[in-house]
Engineer: 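Okay, here's the structure, questions in a sec.
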Amino acid sequence: MPAVIDFCWKGGNTGFPVRAPPAIRRGDFVLSNTPVIMAYLGRQFGMMPGSLEDTTHVEQVLAVVTDAVAEGRLAFHPKDFYATHKIQVEESKPYIKQYGENRLPKYMRYWEALLDRNPDPQGFLIGSSIAVADLAVYHYMTAAEQHYKQYYDAIEAPRAKEHQMRIASRPRIQAYLNSNRCQPWDTDSMM
């Protein structure tokens, strides 16, 4: 944490200013904000579609995932967004229920619609190959399954849940999930 504080707020970063982590640095190039980093890395590693329209749709999905995670996290922190969930467990219960019953199904239906409307039969959200949007939605769904389990389990979203399993079973992702580098889920909400 001291290195993060130094880099983000105490002058350790001499490149483009960042507001908060996560951030990446490549030489003098510095970039922050999860969906922006994902889009950048997607371009670098061939995980963005070829057309401008499909690339823009991937960026749209990244923005929707950011909204979904922010809303999901907020439900665990209704009294103080920056404080631990442990000091606001009782206050959070109605918000967690509301998100689980009302918002989570809407996001899951959106993932279903993306999969249903993609004309390519490969089972990705946009286009014929995996994109950073697939990884972002996978991560969101796995977080939702962890933190909103009873609601997640009750939602009928077979294609989205199959997509989640398919992404998790990719060899490199599976290797990471089975490694000691993969940290357990935080109990403090959508993290």
Side-chain angles (χ1 to χ4, degrees), residues 1-88 92 95 99 103 107 124-127 129-144 146-147 164 167-168 170-191:
M1 192 61 174
V4 170
I5 291 169
D6 178 61
F7 183 80
C8 291
W9 304 293
K10 301 271 182 164
N13 170 22
T14 59
F16 195 84
V18 300
R19 190 193 61 75
I24 61 171
R25 179 176 55 193
R26 180 187 219 177
D28 291 334
F29 177 73
V30 177
L31 188 65
S32 67
N33 194 294
T34 301
V36 175
I37 290 170
M38 290 186 77
Y40 172 77
L41 293 175
R43 288 179 181 88
Q44 292 293 309
F45 294 105
M47 295 185 74
M48 286 294 258
S51 77
L52 176 61
E53 292 77 11
D54 283 350
T55 296
T56 305
H57 283 149
V58 166
E59 292 170 343
Q60 174 182 321
V61 171
L62 295 177
V64 172
V65 170
T66 299
D67 291 345
V69 170
E71 284 184 50
R73 186 179 187 287
L74 185 58
F76 282 81
H77 303 269
K79 189 169 99 177
D80 184 345
F81 187 71
Y82 300 103
T84 179
H85 173 65
K86 294 168 188 68
I87 67 163
Q88 47 198 326
S92 70
Y95 296 97
Y99 185 86
R103 299 302 292 161
Y107 287 113
F124 297 110
L125 296 168
I126 299 157
S129 61
I130 191 168
V132 291
D134 296 288
L135 299 177
V137 168
Y138 159 76
H139 185 265
Y140 168 77
M141 289 186 58
T142 304
Q146 172 70 30
H147 297 290
Q164 177 188 4
I167 299 300
R170 294 180 69 85
R172 288 183 173 178
I173 293 175
Q174 188 63 53
Y176 169 74
L177 293 173
N178 291 329
S179 76
N180 58 3
R181 288 180 39 221
C182 181
Q183 298 295 307
W185 283 100
D186 189 335
T187 58
D188 217 33
S189 77
M190 299 297 282
M191 305 296 271

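Keep in mind that the numbers below use all heavy atoms, side chains included, and drop hydrogens, waters and symmetry copies.
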Engineer: What I'd like to find out is whether the side chain of I167 reaches to under 4.5 Å of the side chain of M141, using heavy atoms alone.
Structural biologist: no
Engineer: Would you list the pairs meeting salt bridge (charged side-chain N to carboxylate O under 4.0 Å, His left out) in which at least one residue belongs to residues 37-64, sequence neighbours left out?
Structural biologist: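 For residues 37-64: R43-E59.
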Engineer: If you define the side chain from C-beta out and look only at heavy atoms, does anything of R73 sit under 4.5 Å from F81?
Structural biologist: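 When only atoms from C-beta onward are counted, F81 and R73 do touch, with a gap below 4.5 Å.
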Engineer: Decide yes or no on side chain to side chain contact (heavy atoms under 4.5 Å, CB included) for D67 and Y107, but give the supporting numbers first.
Structural biologist: CA-CA 10 Å; D67 291 345; Y107 287 113; 3.9 Å; yes
Engineer: Counting only heavy atoms not in K86, do more than 12 fall under 6.0 Å of its NZ?
Structural biologist: yes
Engineer: Between Q164 and T142, is there a side-chain heavy-atom distance shorter than 4.5 Å?
Structural biologist: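 With C-beta onward as the side chain, the pair touches.
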Engineer: Would you list the atom pairs, donor with acceptor, under 3.5 Å between side chains in residues 17-34 and any protein atom, with sequence neighbours excluded?
Structural biologist:
unit_1, atom_1, unit_2, atom_2, d
R26, NH1, Y40, OH, 3.3
R26, NH1, Q44, OE1, 2.9

Engineer: In sequence, state the C-alpha distance, the side-chain angles, and the governing distance for V132 and M48, and then conclude on side chain to side chain contact (heavy atoms under 4.5 Å, CB included).
Structural biologist: CA-CA 7 Å; V132 291; M48 286 294 258; 3.7 Å; yes
Engineer: Which residue is it: L62, V61, V65, V58? I am looking for the one with a side-chain contact (heavy atoms from CB on, under 4.5 Å) to P35.
Structural biologist: L62
Engineer: Parallel, tilted or perpendicular: which describes the rings of H139 and W185, with under 30° parallel and over 60° perpendicular?
Structural biologist: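 Geometry flag for W185 against H139: tilted rings.
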Engineer: Does H85 NE2 have over 12 foreign heavy atoms under 6.0 Å away?
Structural biologist: yes
Engineer: If you look only at distance, which donor and acceptor atoms sit under 3.5 Å apart when one is on a side chain in residues 173-184 and the other is two or more places apart or in another chain?
Structural biologist:
unit_1, atom_1, unit_2, atom_2, d
Q174, NE2, N178, OD1, 3.4
N178, ND2, Q174, O, 3.2
S179, OG, Y176, O, 2.8
S179, OG, R181, N, 3.2

